[in-house]
Amino acid sequence: MIGSRRLLRTGAVALSGILALLVGPSGAQAAAAHALIQGSGSSWAANAINQWVADVENQGLQVVYTANGAAQGRKDYANKSTDFGVTDSPYRGQDPTTGAPDNSGGRSFAYLPVVAGGTSFPYNVKVGGKAIRNLRLSGETVAKIFTNKITNWNDPQISADNNGRTLPSIPIIPVVRADGAGVTNQFTTWLTKEYPAIWKACNGKAAPTDYYPTNCGAANGPQKAQTGSDGVMNYVKSENAVGSIAMEEYSYPLMANFPVAKLLNKAGYYTLPTQYNVAVALTAAQINNNPADPNYLTQKLDRVYVNPDKRTYALSSYVYAIIPTAADDKRLSSTPKRQTLADFLYYSICQGQSEIGPVGYSPLPINLVKAGFEQIAKIKKADPAVDLTRRDVSTCNNPTFIAGKPNVNHLAQIAPQPPACDKIGADPCAEGVGSFNSNPGSTGTKAGTGSAGTGTNGTGTGTTGATGATGGAGGLVQDPVTGLLVPASGQIAQAGDAVIVPTTLDAGQSDGTSAVLTLLVIGLFLGAVVTPVGVSRLVRRRGEL
Amino acid sequence: MSLLSRARALPSGAQARIALVLVAVLFAAGGIVFAPVVTSTTGAADAAGAVAFSQTKKIARTAIAADDTVTTVADYDVKLTVSQTTNLRGRQEVAVRWTGAHPSGGLVSDVHSGAGVGVEYPFVLLQCRGVENPGRGQTRVRPETCWTQTAQERFRKDTSTRWPAWRSDAFATAAERERHVGEPEPRPDACGRLAPAERWLPFIAKNGTVYQGGPTPLADCVGMAPESDEVGSGSLPSNTTYGVTKADGSGSADFAVWTSSENASLGCTSTVDCSLVAVPVVGISCDPYGTKLPVAARPTEAEATEAAAQCARPDAYGAGQEHTDAVETNLATAGALWWAPSNWHNRITVPLSFAGSDSICKVVGGGKPQPVYGSVVLNELTASWQPRFCTDKGLFPFVHVQSSEVASRNLLAVGNIEAALGSQPLESPTRPTVQAPIAVGGFGVVFNVDNADKSPRESLRLNGRLLAKLLSQSYPALDIVRTDYAALAGNPMNITVDPEFKALNPGMKADSANATAATVQILSADSDLMWSVTRFLDSDPEARAWLDGTPDPWGMKVNPAYKDIELPTEAWPQLDTWIAPDSFIASDRNFCYSNSPSPVLGLVSNPTANLGSIALNIQYALSAVNFACEAGDRGDISRLGLKKLGRQLVGSRMVLGLSTLSAAARYNLRLASLQTTSTVPAGERFDDGAGRSFVYPDPAGLRNAAKYIKPDDAGAWTFDYSALRSGGGATAYPGLVPVFADVPTEGVEPEAAGKLSRFLCYAATTGQEAGSANGELPAGYLPITAASGLEVLRAYTVRASRLVKAQTGQLPGSSGPAGKCSTAFEAAPAVDPTPAPTTPVAGPGGGTGVLPDVAVSPNPGQPQAGPAATVTAPIQLVKTKRDYSPLGNLGFLVAFGLLFASLVGGAGLRLLPHRRAIAAEVSALVRDGLRRVRR
């Protein structure tokens with residue numbers, strides 16, 4: 001009797017197990033449906049966003065992005081003609097300088113940082129037909145150039161920045177944006193904070209603006225206003241533009257192999273807007289941490305501008321996505337669209353961050369990624385059907401943080417120190433040194449070597465390591481996946497383990513099924529094996545009675 | 001064990017296919033072993049020149065007199081063909097052509113806009129949910145399930161007469177001929193007073209929601225689906241097409257099909273049947289006397305007279321005439337009444353079948369992808385490979401960062417990345433690096449151009465000199481340049497008035513007012529694409545001589561700023577410095593320009609940083625010339641920037657761009673033929689293309705060019721232009737661009753080295769199988785196979801894969817056998833299965849091409865003003881070709897398991913002493929169980 005009961009029980013368990021497998025756990029989820037979404041805004045961030053748009057296609061996400069400038073992007077969002085906007089500055093009611101209206105028109109919104117980068121100063125200065133590539137400028141010099149106070153490249157202040165090396169007499173042509181641009185806003189915010197007197201004398205008031213007052217409002221002058229990032233770069237690169245200097249996100253000149261000025265920071269070093277120097281600078285950013293404030297997560301960069309770390313690139317900043325949070329949003333009105341926005345943002349702030357460093361941007365640090373997840377959660381709050389399962393820090397391939405040390409900006413930690421030749425008072429570094437957004441020699445190359453994160457004096461960022469390399473073997477190695485440099489051993493972790501790896505599962509739509517099948521097959525197999533044996537035992541026992 | 005551990009990590013979402021599993025278990029238990037199920041895909045790219053659907057229909061317009069006699073006003077044999085109807089993906093354009101229709105009049109500039117309601121005799125194309133003979137769960141197609149973007153396409157009212165044409169429709173029911181049809185009840189106050197006659201055609205969404213439409217949906221009367229223009233200005237351009245029939249009764253259009261991803265209200269998916277419905281508008285078949293109506297409902301004699309006048313009105317426009325506001329369209333033959341039964345019953349319904357839109361790569365937990373940086377020539381290729389890589393257990397997810405090749409090589413040199421994709425040889429690499437060919441793509445001149453008769457132009461012939469003229473800013477483009485810039489004063493205004501262009505391309509309109517025709521849209525960032533283009537120019541004797549100062553036979557000279565330009569170059573430089581004279585600036589004729597004077601021809605050229613925007617601009621005929629300024633801009637600092645000229649009117653389009661062959665294939669863009677050789681003596685004028693060879697980038701043209709890809713001294717594989725020019729290259733398309741992966745064989749971490757090694761293996765095998773499914777080689781690339789004459793490249797890449805994996809610092813030689821791939825992965829058959837003639841690369845008329853060989857009108861009406869938009873045509877989300885159905889594996893495993901179990905069980909049972917007692921035991925067990933239950 002006991003035997004038969006046990007057998008029944010065994011059978012029941014096996015059967016219920018099989019049934020459970022067949023029916024599946026409650027809350028079975030099919031792949032979330034997606035629908036096309038559209039956004040517009042910042043051309044400063046466009047190179048990064050266009051890359052992500054291309055990346056997520058293979059996840060079934062269709063995103064259309066129009067880089068028509070941050071000011072227009074905010075207008076489009078307010079007019080409900082886009083599902084999301086991308087902007088450098090929050091809605092401010094009205095432009096502080098021009099008074100142009102600047103609000104969301106009553107549409108709900110939340111800000112979500114998507115990418116960091118440096119506003120760089122590409123320039124076209126040739127001496128004897130040869131392009132100068134190692135120009136250095138202080139903030140004040142830049143401020144005076146763009147307010148027409150310094151008008152010739154032979155200006156003593158420029159010579160001083162370059163340790164006494166004087167350029168020939170070439171009139172300076174400052175190139176600014178003609179359309180409403182985030183880069184203008186970032187630059188004028190910095191001017192307002194750092195050089196209010198110089199800026200006020202030009203602009204009339206010490207306030208930021210999206211619309212640059214060409215030649216300080218005068219009818220004529222050396223300044224040229226061009227439309228769009230393309231327009232600015234096309235102008236600076238053109239033949240007659242010798243003497244010109246513009247402002248643009250670093251990826252534009254980087255992809256055009258065009259030199260940008262090294263900018264003096266408070267520690268007395270002239271630095272480039274590499275992903276490392278931007279990451280270091282932004283560790284001093286003050287983020288609005290009041291979730292109740294509509295400007296939650298927006299940046300105050302006052303301390304970035306004066307960050308005392310000698311790796312700082314002073315004109316570093318974040319760019320934001322503006323996303324609708326209301327349940328009754330007229331435009332982002334369906335679950336598939338919300339799902340697409342949520343998944344696109346998830347990709348952007350996680351995996352998307354790991355590939356843009358080498359092309360002129362800088363990845364977001366973990367605190368902003370975490371806060372970004374809170375903002376994404378608002379999309380689900382508006383529509384509970386949105387699936388955010390496992391879209392969190394644990395699955396986030398972001399190179400700024402590593403397992404177990406969520407509060408350390410990994411990238412800022414491993415950022416190399418500027419070379420001695422970039423210090424104020426030293427002669428400018430040789431050509432090529434610091435010309436690329438690269439890192440002092442990795443161990444992967446024969447050339448140059450690097451210092452570990454805490455090392456004292458890394459090297460310049462040269463193509464062939466023609467720099468005063470110190471550091472040594474066992475410094476940095478490349479992470480095989482991200483291509484970023486991580487300490488080879490010691491302080492932080494093994495290179496390959498340095499970043500959270502979310503899963504060992506093979507990707508793909510069929511992985512789940514095959515696992516179910518595996519269990520099922522094993523279950524059936526065991527059942528088939530156990531049953532006859534059990535029956536036979538039972539029978540034998542009965543027979544003995 | 002690995003199976004078990006994987007099972008533990010099973011994500012909950014995986015339970016979705018449990019029903020399949022159940023079925024599989026039942027079948028497997030029955031001993032049926034499933035064969036692997038290959039999800040259906042078309043093996044080769046559907047050729048746009050091909051015809052997937054063809055139907056001819058006799059249609060007529062009739063008139064019924066007061067005495068009930070029916071006369072035929074006109075009849076037609078309308079024939080419709082559609083290029084592709086299956087395996088469709090969202091936003092894909094299909095080529096639609098027709099013959100035998102009534103010529104259209106009152107033409108509007110945008111055939112996709114709601115303004116098409118004012119066209120007489122349009123050939124209306126609509127996407128509708130449903131089919132003619134619906135199966136279970138499907139809808140029957142009807143006007144209410146057809147998508148239109150604007151309210152005016154579904155609402156009509158007549159304030160002057162109670163008897164507008166649609167009320168005289170002989171094919172309409174009595175109810176449809178009432179004065180007010182389809183009006184919402186109760187009528188919202190916002191809708192105002194009832195007009196003498198109103199006809200509302202609601203739209204019924206997939207989820208059942210009824211959108212009433214109405215005269216003013218924005219002002220609450222009443223409402224449109226969220227995807228329509230009335231809701232937000234950022235909608236997709238409409239796909240509803242008011243196609244233009246030419247005087248000979250023929251016409252054509254590109255029609256963009258939508259899935260529910262683009263338009264959820266329409267809701268077409270792989271499981272919801274939809275159709276392309278063609279309604280050839282031939283006019284209302286008039287029954288003004290109401291002979292088809294119940295007697296009580298018939299109009300009075302006076303009313304009938306009025307109705308007859310309305311319905312039998314003469315047409316306002318002749319065939320081909322353009323619409324003007326001054327001339328009122330004849331409603332009876334207008335596109336506005338596409339839904340009227342007289343027109344609707346003439347429809348030809350084309351069933352559409354969409355590819356499954358499963359997400360291929362995971363949104364979450366896909367693991368960290370391997371990045372590769374560089375070549376934009378590969379954009380379409382990597383978009384096809386990525387879904388395969390992320391779903392194949394033998395492969396790995398990767399991401400293609402589309403950066404400048406020059407920057408990528410720099411990053412590789414300093415060790416920041418492990419793989420750079422490009423087309424230029426490495427200069428003094430810092431460590432041993434293979435340059436392994438992974439694809440052969442090409443550059444092409446894409447165009448959107450109209451003929452003098454306003455029909456879209458299908459072919460264009462360009463030689464190196466014409467391309468050099470466009471690039472070198474040697475056409476004045478604008479009046480102010482021609483009058484004031486002496487160096488260009490003798491040159492033709494733009495390419496359309498250049499005798500050389502006219503000689504090669506007869507039938508074009510000479511349009512000296514079109515500044516856009518003076519330039520070609522190019523990439524501003526450094527690229528190996530431009531490097532290849534400029535190598536082509538540099539090797540072209542005519543082009544090079546002209547750039548060096550020899551005028552063309554008509555006397556056109558190179559812009560002095562570009563004279564003797566050194567080529568090749570990665571980015572075409574902006575060299576002209578001419579600024580408009582002070583008088584022009586002071587005149588404020590263009591105060592945006594006056595605000596910031598800069599070189600005029602640089603603004604005409606205006607290169608862009610994003611290759612995608614060139615494809616977009618050509619697709620929508622968007623001019624990138626940055627010289628527009630509106631009257632309202634004066635004095636408004638926020639509007640003082642110069643703007644692009646933007647959209648060109650259909651009928652006078654002329655935009656050219658430099659792009660890739662694969663982008664052209666993907667965006668359905670037309671490509672120019674390029675000149676290879678010429679026997680025409682230099683300096684001799686010509687008035688046709690005699691003595692010149694032009695090659696179109698079709699499969700043959702690419703294959704003929706393949707033999708010119710040769711290893712160079714630096715170990716790279718480049719196109720040998722000198723060999724091409726020196727003879728035998730007359731039929732070789734000169735824009736072939738090999739792309740290779742630069743991967744070091746020293747210092748790469750083992751994990752990355754292993755992945756990149758597999759990447760090369762894939763590229764050398766499966767990745768060269770041409771086709772439209774994920775993982776295959778998309779249109780616009782020449783397969784690197786023996787059939788293409790490229791076995792030596794393939795072999796190099798296979799050898800390179802082994803050395804990349806080994807990381808011993810060795811380099812493969814440029815010749816030798818391929819050997820085996822370094823890794824277990826090698827899915828392709830050893831023998832190349834692709835017969836040469838069917839290689840699907842872009843090509844018109846050849847039957848295997850991707851480009852249409854008849855008139856097509858591109859799809860204008862783009863969402864934002866934004867020419868900078870990245871509209872990426874979605875990749876095809878069909879399942880991976882080798883994605884075996886899990887059922888097959890299951891069936892096999894279960895059957896095997898059961899077999900084994902039976903053996904074991906049987907053996908065990910054999911040992912039992914009381915075999916016959918088993919049956920009794922089982923029944924006892926059942927009895928026992930039943931007893932327990934009773935208790």
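Here is the naming used below: chain letters follow the sequence lines, and residue numbers restart at 1 for every chain. What you see is a predicted model; the values in this text were computed from it and never measured. For the numbers below, each heavy atom of this structure counts, side chains included, while hydrogens, waters and symmetry mates do not.
Residues A:Q223 and B:S596 form no side-chain contact, since every pair of their non-hydrogen atoms from C-beta on lies 4.5 Å or further apart. A:Q339 is not listed as a side-chain neighbour of B:V363, based on a closest heavy-atom distance of 4.5 Å or more. In this structure, A:Q51 and B:V399 have side chains that are in contact, with non-hydrogen atoms separated by less than 4.5 Å.
With sequence neighbours left out, B:S594 forms a side chain to side chain donor-acceptor pair (under 3.5 Å) with B:D588. Every residue two or more places apart in sequence or in another chain was checked for a salt bridge (Lys or Arg N to Asp or Glu O under 4.0 Å) with A:D55, and none qualifies.
For A:N397 against B:P369, the heavy-atom pair with the smallest separation is ND2-CD, 4.4 Å. Smallest separation of non-hydrogen atoms from B:P607 and A:D230: O-CB, 3.7 Å. Shown here for A:M255 and B:S403, the closest heavy-atom pair between the two residues is SD-CB, 3.6 Å.
Both the backbone and the side chain of B:V401 come within contact range of chain A, judged by heavy atoms closer than 4.5 Å. Contacts of B:N606 with chain A are made by both backbone and side-chain atoms, with heavy-atom separations under 4.5 Å. Contacts between B:P597 and chain A at a heavy-atom distance below 4.5 Å involve backbone atoms as well as side-chain atoms.
In terms of heavy-atom pairs under 4.5 Å with chain A, the best-connected choice from B:A407, B:S598, B:A571 is B:S598.
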